[in-house]
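Remember, predicted model here, so these are calculated numbers, not experimental data.
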There are 2 protein chains.
Amino acid sequence: MRADAQKNYAHILTVARDVFTEQGADASIRDVARKADVGLGTLYRHFPTREALFEALLRSSFNTLERRADELQSLEPADQAIVTWLREIVEIACSLRGVIAAMVAAIEEPDSALHASCVTMKASGTRLLERAQAQGLARSDMDGADLFALVGALTWIQDQPSLAGRGERLFGIISGAILLGGAV
Amino acid sequence: MRADAQKNYAHILTVARDVFTEQGADASIRDVARKADVGLGTLYRHFPTREALFEALLRSSFNTLERRADELQSLEPADQAIVTWLREIVEIACSLRGVIAAMVAAIEEPDSALHASCVTMKASGTRLLERAQAQGLARSDMDGADLFALVGALTWIQDQPSLAGRGERLFGIISGAILLGGAV
DNA sequence: ACCTGAACACCGTTCAAGT
DNA sequence: ACCTGAACACCGTTCAAGT
């Protein structure tokens, strides 16, 4: 990539993070280009879809979480590992308010820029769940797709301004429902 | 209301139901006016906001649910009453895909056309929850606002096409977490 | 009393023209 | 190789002019 292009790429991301943080995931792409002082075409060249922008903004978080999931896979007890993972993925998804709908949709859209990250993330969760189930620590009547849906639901709750402050309690209630031991 | 106005009002609602059913709650208002063969101003005169359209479309369902909640209040056992209520409110909210976000936001927006319905609905749920709690059938560490948030989460899950088919199982898991008896 | 649609200020996306 | 912004087809909302 040419030096000027690289600079534009990085600068667009910085501005996009600000705009999305302020206005949520459905903020105006045009507004991002305007605030970044680049032509609309330049933004579209680097990020052909809104999802491509999301992916670039979340990539490092996704990567960190992936390594973390590997660590957690050998952490005992298995139920605590899954709750810790849940807490971390929900926090990442919340960092870009409203992006969770795109992430959940991406699971069944192979062409989405978010597809690979979300499939990987879902697979990590599935492994953690299956280990807890094998040890009798998680309910056996659910699968990785259900866990992924619960990540969506928890994140959605956190995203709603009118539900502010209830996230922690509801996290406890829902994550407690996955486990067999009882309270978290 | 003049006869022609009344006819327009009813016809807009019929068309709006079709358009929202097909495209979800964020469908184009302009498109509704176009398909109803009325001027844009006519639509805005009858329904000054998108929420006013939602409210009119859901009003009879809300009213039915309100009467139903009164019945359920004296239905034994109290835990079964709350689960039945949950099932019915989630089904109503799902009938207009995507409207749940507006409903949850309306709780803290007194000027929203959806405010009164949602406050009433939340109050019904709270009464049912408190009765179950008094009988030791529901966990005591949550309140009506938490229950309302769970209605939101359950409806959101049902709204996501990529999570189709998991609604029933997740309903069981989450509603089971509210109750103390265990499985639903 | 009610209806209409032009007008305004936006938006996402594409692509010919420039450097 | 990359950037620009006009052009196109939309959108929500308002309001003067009509019946």
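Atoms CG (A:Leu43) and P (C:dC11) sit 13 Å apart, rounded to a whole Å. Atom CD of B:Gln6 and atom P of C:dC3 are 11 Å apart (whole Å). For A:Asp31 and C:dG12, the CG to P distance is 9 Å, given to the nearest whole Å. Rounded to whole Å, atom P of C:dC8 lies 16 Å from atom CG of B:Leu40. A straight line from CZ of A:Phe47 to C1' of C:dT13 spans 17 Å, rounded to a whole angstrom. The CG-C1' distance, from B:Asp37 to C:dC3, rounds to 13 Å in whole Å. If you measure from atom CD of A:Gln23 to atom P of C:dC10, you get 13 Å, rounded to the nearest angstrom. In this structure, OH of B:Tyr44 is placed 7 Å from P of D:dT14, rounded to the nearest angstrom.
In this structure, D:dT13 forms a base pair with C:dA7, meeting either the Watson-Crick or the G-U wobble geometry with both donor-acceptor distances under 3.5 Å. When both distances must be under 3.5 Å, the Watson-Crick or G-U wobble mate of D:dC2 is C:dG18.
Between A:Arg2 and A:Arg30, it is A:Arg2 whose nearest contact on DNA chain D lies nearer the 5' terminus.
Listed pair A:Ser28 / C:dG12 meets the phosphate criterion, a side-chain N or O lying under 4.0 Å from OP1 or OP2. Between A:Arg34 and C:dG12 there is no side-chain N or O to OP1 or OP2 distance below 4.0 Å. Using a 4.0 Å cut-off, some side-chain N or O of A:Asn8 falls inside it from OP1 or OP2 of D:dC3. Of the side-chain N and O atoms in B:His46, none sit less than 4.0 angstrom from OP1 or OP2 of C:dC2.
If you check every strand for non-hydrogen atoms under 4.0 Å, A:Arg45 touches a base. Contact annotation for A:Ile29: backbone-only contact, meaning every heavy-atom pair under 4.0 Å involves sugar-phosphate atoms and none involves a base.
B:Arg67 and B:Asp70 are not joined by a salt bridge, as no carboxylate oxygen comes within less than 4.0 angstrom of a charged side-chain nitrogen. No salt bridge links A:Arg97 with A:Glu22; every basic N to acidic carboxylate O contact stays at or beyond 4.0 Å. Ion pairing between a basic and an acidic side chain is recognised when a charged N comes within 4.0 Å of a carboxylate O; B:Arg127 and B:Glu130 show no such pairing. Salt-bridge check for B:Asp4 with B:Lys7: failed, with every basic side-chain N at 4.0 Å or more from each acidic carboxylate O. Look at B:Glu55 and B:Arg59 and you find a salt bridge, because one of the NZ, NE, NH1 or NH2 atoms lies within 4.0 Å of a carboxylate O, short of that distance.
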